[in-house]
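Naming convention: chains lettered A, B, ... in sequence-line order (proteins, then strands); numbering from 1 in each chain.
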Amino acid sequence: MKVKRLIEKTIQNQIGGIEDPSKITLEPTNPKFEGDFTFVVFPFLKHLKKKPEEAATFLGEIIYKEIPKIESFNVVKGFLNLKLSDQVWLEYFQEIIKDPYHGRNLYGKNKKVMVEYSSPNTNKPLHLGHIRNNLLGYSIAEILKYNGFKVIKSNLINDRGIHICKSMWAWQKTGNQETPISSQIKGDHLVGKYYVIFDKLYKGEINELKAQGLSQSEAEKKSKIMRETREMLQKWERGDEEIRALWSKMNSWVYEGFKETYQKLGVDFDKFYYESETYLLGKEIVKAGLNNAVFFQKEDGSIWVDLQNENLDQKLLLRADGTSVYITQDIGTADLKYKEFKVDQSIYVVGNEQDYHFKVLKVILEKLKKPYSKGVFHLSYGMVDLPSGKMKSREGTVVDADDLMREMIATAAKQTQELGKTNGLSFEELEVLHKQIGLGALKYFLLKVDPQKRLLFDPEESIDFHGNTGPFLQYTFARINSLLSEQEITDDFDLNFEVNIEEKNLLVLVTEFPAKVQEAGQSFSPALVSNYLYELAKCYNRFYQNNPILKSNLPQKKAFRLALCKETKRVLKEGLCLLGIDTPKRM
RNA sequence: GGCUCCUUAGCUCAACUGGAUAGAGCAACUGCCUUCUAAGCAGUAGGUUUCAGGUUCGAGUCCUGAAGGAGUCACCA
């Protein structure tokens with residue numbers, strides 16, 4: 001708001017001798033006190049050479065005199081509370097409703113950013129942890145777009161390695177040529193089934209060997225199953241036709257399955273990277289780094305980087321036999337991304353279990369003086385835990401993504417039916433509605449908490465549809481939508497009326513939308529958008545409950561209230577869209 | 001064991017990055033549908049912000065230590 005800036009300037013002119021005048025800023029007034037903006041004088045008492053109350057009163061009087069838009073001020077201890085007149089707020093509100101881009105920011109203009117997220121393995125279906133990752137990645141990408149960035153959503157698929165060979169081995173041995181079509185099982189689930197079978201057979205073998213008196217590690221070394229699986233991986237790397245064909249076939253099943261899950265979840269990608277195509281990258285960069293003495297070589301020929309000055313360890317970059325490890329590929333992929341897209345920033349949405357890895361990656365890129373190293377950012381998020389602890393695919397303690405979505409939709413259907421407000425909707429319309437609500441509940445549940453925090457999910461307790469939830473926000477939207485249907489709404493209305501507390505609170509909240517979205521973008525946190533929208537919806541409902549809208553006594557009052565509803569509706573829609581949550585017209 | 005992160009109401013989370021009397025939802029209890037959708041609104045109750053120190057006008061937020069929890073420290077990814 002322009003006035004805010006003006007007040008800050010005025011105060012800055014009054015307080016001299018300060019190193020950093022930009023420290024003089026206003027904050028919103030605590031709702032328990034009267035006012036719109038508050039200036040805290042405590043830090044500046046020395047400069048003003050006054051007691052707290054005196055200083056605040058002194059500044060208040062000057063501001064009141066110089067800025068006509070200030071209607072009044074009050075002083076509590078060292079807090080100067082400034083109040084704008086309702087007319088000023090109303091004028092500002094009219095500006096906003098006439099601005100089709102209200103909410104959008106431009107701080108990301110002309111900047112390009114890549115958001116890598118999802119990045120699944122192809123040996124098992126997606127689970128709840130992936131859902132959190134996907135929703136976070138998608139939402140952050142959307143938020144950045146809204147802030148003016150050009151965004152590329154990418155997905156690095158881990159399609160090769162020992163894990164997929166495990167599923168392949170088990171399918172070859174026990175599968176009887178089973179396919180998704182013959183078994184009527186979704187492709188990723190079918191491959192996951194063989195991953196579990198592998199684990200069962202392998203464990204059985206180990207136990208047998210141990211029964212013969214071998215230790216755990218001896219048994220693991222002697223395992224025939226593991227040996228055959230390793231041979232499979234070697235054949236794959238040599239390009240063995242039969243193994244490659246099997247690999248392609250099973251991966252294609254998985255991709256079909258993923259595609260369906262992504263679609264249902266409503267996430268998408270602009271660019272896919274496949275590890276089978278990138279795993280050889282990075283070697284040349286490592287070798288160049290060795291030549292420039294950024295890295296060093298051990299006697300066996302392996303190449304390392306010493307990060308002990310950075311409070312990290314030594315890290316292997318290339319094996320003695322010249323093959324690459326995880327970080328080698330990541331160095332290569334980072335380079336590839338930059339070459340292909342020239343992004344200013346490269347965001348990796350990856351769980352916090354990889355904090356160390358990404359710290360190392362960034363330091364290495366810096367040491368190599370890569371121009372894009374500064375833009376590498378690990379968006380580290382907390383794991384989703386169950387009451388029983390961590391989710392483990394092999395032990396079957398995972399909450400499957402497809403199952404969970406299906407359950408959420410079923411619950412939404414049940415609740416919708418119980419409320420009985422959807423008469424007249426066709427079967428197809430109901431199906432869409434249930435999906436919107438069920439997924440709305442799930443998405444909001446996962447996105448409303450700070451990404452960095454770990455998240456507890458109790459499968460016994462179903463996700464709520466009341467209170468601080470997705471359906472509550474959707475409901476508020478639907479309610480406004482039905483209220484406004486067939487109403488004439490005008491941007492231009494006479495401002496000659498009193499604004500009551502519910503109207504004022506809602507009006508102010510609506511104006512804060514762009515700032516919130518910018519904050520969410522800068523801190524990569526969809527939770528900030530979620531919490532804001534919840535505040536907004538709550539505030540709207542209070543307003544709605546206590547103020548007749550269609551039957552307002554004054555025509556300009558009615559016009560104002562309708563405009564408030566319309567603007568709230570717009571912010572809700574755009575905000576929920578940033579979270580990937582749909583807004584049903586009725587529910 | 002080294003390093004990193006977490007601990008706020010019974011439960012799940014907020015708290016504008018150091019500001020005023022720490023706020024919501026769920027669960028419990030009490031009211032409000034013959035008026036714009038009750039997936040709503042209003043209210044009651046619930047707190048030594050894990051503990052002990054420190055920094056200052058002021059600390060849930062910063063620094064030190066302790067307790068409890070998680071992650072990581074692979075020639076796995």
Colleague: Tell me whether A/Arg132 forms a cation-pi arrangement with A/Tyr381, defined as NZ or CZ under 6.0 Å from the six-membered ring centre and within 45 degrees of its axis.
Modeller: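 Judged by the rule (NZ or CZ under 6.0 Å from the ring centre, within 45° of its axis), A/Arg132 is not positioned above A/Tyr381.
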Colleague: With sugar-phosphate meaning primed atoms plus P, OP1 and OP2, does A/Leu312 contact a base, only sugar-phosphate, or nothing at under 4.0 Å between heavy atoms?
Modeller: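 Nothing, no nucleic acid heavy atom in range.
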Colleague: Give a yes/no on whether any side-chain N or O of A/Arg319 is located under 4.0 angstrom from OP1 or OP2 of B/C76.
Modeller: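 So the side chain of A/Arg319 is within the cut-off, an N or O lying under 4.0 Å from OP1 or OP2 of B/C76.
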Colleague: Does the ring of A/Tyr544 meet both stacking tests against the six-membered base ring of B/G40: centre distance under 5.5 Å and plane angle under 30°?
Modeller: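 According to the criterion (under 5.5 Å, under 30°), no, A/Tyr544 does not stack.
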Colleague: Is there a stack between A/Phe42 and B/G19, judged by ring centres under 5.5 Å and planes under 30°?
Modeller: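 Yes; by the centre-distance and plane-angle rule, A/Phe42 counts as stacking on B/G19.
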Colleague: Would you mind reading off the distance between A/Gln297 atom CD and B/C75 atom P, rounded to a whole angstrom?
Modeller: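 That distance rounds to 17 Å.
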Colleague: When you get a sec, tell me which of B/A20, B/U17, B/C75 is the closest nucleotide to the side chain of A/Asp300?
Modeller: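 For A/Asp300, the side-chain atoms sit closest to B/C75.
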Colleague: Round to a whole Å and report the spacing from OH of A/Tyr475 to P of B/C36.
Modeller: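 Taking atom P of B/C36 as the reference, OH of A/Tyr475 is at 11 Å.
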Colleague: Under 4.0 Å between a side-chain N or O of A/Lys448 and OP1 or OP2 of B/U12?
Modeller: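 No, outside the criterion.
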Colleague: Give a yes or no on whether a donor-acceptor pair under 3.5 Å exists between the nucleobase atoms of B/A20, that is its base, and the side chain of A/Asn81.
Modeller: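 Checked by distance alone, the answer is yes.
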Colleague: Given B/C16, B/U37, B/A77, which nucleotide is nearest the side-chain atoms of A/Glu519?
Modeller: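 Side chain of A/Glu519 sits closest to B/C16.
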Colleague: Atom NZ of A/Lys585 and atom P of B/U37: how far apart are they, to the nearest Å?
Modeller: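 The answer, rounded to whole Å, is 17 Å.
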Colleague: Whether A/Lys453 contacts B/A14 is assessed here as follows: a side-chain N or O lying under 4.0 Å from the phosphate OP1 or OP2. Is that the case?
Modeller: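 A/Lys453 to B/A14 OP1/OP2: side-chain N or O found under 4.0 Å.
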Colleague: If you check every side-chain atom of A/Asn541, which of B/G40, B/A14, B/G19 has the closest atom?
Modeller: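 Among the listed nucleotides, the one closest to the side chain of A/Asn541 is B/G40.
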Colleague: Quote, to the nearest angstrom, the C1' distance that separates B/U44 from B/A9.
Modeller: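 Straight-line distance between the two C1' atoms is 15 Å.
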Colleague: Rounded to the Å, how far apart are A/Asn468 CG and B/A15 P?
Modeller: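 Atom CG in A/Asn468 sits about 12 Å away from atom P in B/A15.
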Colleague: Considering just the side-chain nitrogens and oxygens of A/Arg479, establish if one lies under 4.0 Å of OP1 or OP2 belonging to B/A38.
Modeller: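 The answer is yes; a side-chain N or O of A/Arg479 sits under 4.0 Å from OP1 or OP2.
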Colleague: Kindly confirm or rule out a cation-pi arrangement of A/Lys298 over A/Trp304, judged by NZ or CZ under 6.0 Å from the six-membered ring centre and within 45° of its axis?
Modeller: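 Relative to the ring axis of A/Trp304, which defines the angle, A/Lys298 lies inside both limits.
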Colleague: May I ask you to verify if any side-chain N or O of A/His466 is less than 4.0 angstrom from the OP1 or OP2 atom of B/G40?
Modeller: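 So the side-chain polar atoms of A/His466 do come within 4.0 Å of the phosphate oxygens OP1 or OP2 of B/G40, strictly under.
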Colleague: Taking atom P in both B/C6 and B/U50, compute the distance separating them and give it to the nearest angstrom.
Modeller: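 Approximately 13 Å lies between the P atom of B/C6 and that of B/U50.
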Colleague: When you check the gap from the basic side-chain N to the acidic O, do A/Lys83 and A/Asp36 get nearer than 4.0 Å?
Modeller: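 The answer is no: the pair does not qualify as a salt bridge.
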Colleague: Just N and O in the side chain of A/Ser302: are any of them under 4.0 Å from OP1 or OP2 of B/C75?
Modeller: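 Negative; the distance criterion is not met.
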Colleague: Tell me what A/Lys516 touches on the nucleic acid: a base, only sugar-phosphate, or nothing, going by heavy atoms under 4.0 Å.
Modeller: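 Here A/Lys516 touches no strand at all.
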Colleague: Kindly indicate whether a cation-pi arrangement holds for A/Lys124 with A/Tyr195, taking the cut-offs as under 6.0 Å to the six-membered ring centre and within 45° of the axis.
Modeller: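 Yes, cation above the ring, under 6.0 Å and within 45°.
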Colleague: Who does B/G25 pair with, Watson-Crick or G-U, both distances under 3.5 Å?
Modeller: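 For B/G25, the partner nucleotide comes out as B/C11, under the 3.5 Å rule.
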Colleague: For A/Gln452 and B/C6, what is the distance between atoms CD and P respectively, to the nearest whole Å?
Modeller: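 Rounded to the whole Å, the gap is 8 Å.
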Colleague: If you only use heavy atoms from C-beta on, which nucleotide in B/C41, B/C75, B/U21 is closest to the side chain of A/Arg542?
Modeller: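 Among the listed nucleotides, the one closest to the side chain of A/Arg542 is B/C41.
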Colleague: What nucleotide among B/A15, B/A77, B/G19 has an atom nearest to a side-chain atom of A/Asn121?
Modeller: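 Taking heavy atoms from C-beta onward, the closest nucleotide is B/A77.
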Colleague: Given that both distances must come in under 3.5 Å, which nucleotide forms a Watson-Crick or G-U wobble pair with B/C5?
Modeller: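 Check on B/C5: paired to B/G69, both distances under 3.5 Å.
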Colleague: Using whole Å, report how far CD1 of A/Ile162 lies from P of B/C75.
Modeller: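 Distance, rounded to whole Å: 17 Å.
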Colleague: Using the closest heavy atom to pick a nucleotide of RNA chain B for each, name whichever of A/Trp304 or A/Ala412 lands nearer the 5' end.
Modeller: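 So the residue in question is A/Ala412.
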Colleague: Tell me if a side-chain donor or acceptor on A/Asp582 pairs with a main-chain N or O of A/Gln436 at a distance below 3.5 Å.
Modeller: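 Flag not set: sc A/Asp582 to bb A/Gln436 has no pair under 3.5 Å.
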Colleague: If I pick the P atom on B/A14 and the same atom on B/G68, what distance separates them, to the nearest angstrom?
Modeller: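 To the nearest whole Å, 25 Å.
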Colleague: Classify A/Tyr356 by what it touches in the nucleic acid, base, sugar-phosphate, or nothing, heavy-atom distance under 4.0 Å.
Modeller: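 Here A/Tyr356 touches the backbone only, sparing every base.
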Colleague: Which comes earlier along RNA chain B counting from the 5' end, the contact point of A/Asn546 or that of A/Ala320, where each point is its nearest nucleotide?
Modeller: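 Per heavy-atom nearest nucleotide, the more 5' residue is A/Asn546.
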Colleague: Just how far, in rounded Å, is P of B/A70 from CZ of A/Phe457?
Modeller: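 In whole Å, B/A70 P lies 21 Å from A/Phe457 CZ.
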Colleague: Tell me whether the guanidinium CZ or amine NZ of A/Lys50 lies under 6.0 angstrom from the six-membered ring centre of A/Phe58 and within 45° of its axis.
Modeller: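 Pair A/Lys50/A/Phe58 counts as cation-pi.
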Colleague: Rounding to a whole Å, what distance do you find between A/Leu361:CG and B/U4:P?
Modeller: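 The answer, rounded to whole Å, is 20 Å.
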Colleague: Flag as yes if A/Tyr534 stacks onto the base of B/A24 (centroids under 5.5 Å, planes under 30°), otherwise no.
Modeller: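 According to the criterion (under 5.5 Å, under 30°), no, A/Tyr534 does not stack.
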Colleague: Within 45 degrees of the ring normal and closer than 6.0 Å to the centroid, is that where the cationic atom of A/Lys566 sits relative to A/Phe560?
Modeller: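 Cation-pi check for A/Lys566 and A/Phe560: fails.
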Colleague: Taking only the side-chain heavy atoms of A/Glu353 (C-beta and beyond), determine which of B/G40, B/G71, B/U12 contains the nearest atom.
Modeller: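 Ranking B/G40, B/G71, B/U12 by closest atom to the A/Glu353 side chain puts B/G71 first.
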Colleague: B/A59 and B/C51: how far apart are their C1' atoms, nearest whole angstrom?
Modeller: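 The answer is 16 Å between these two C1' atoms.
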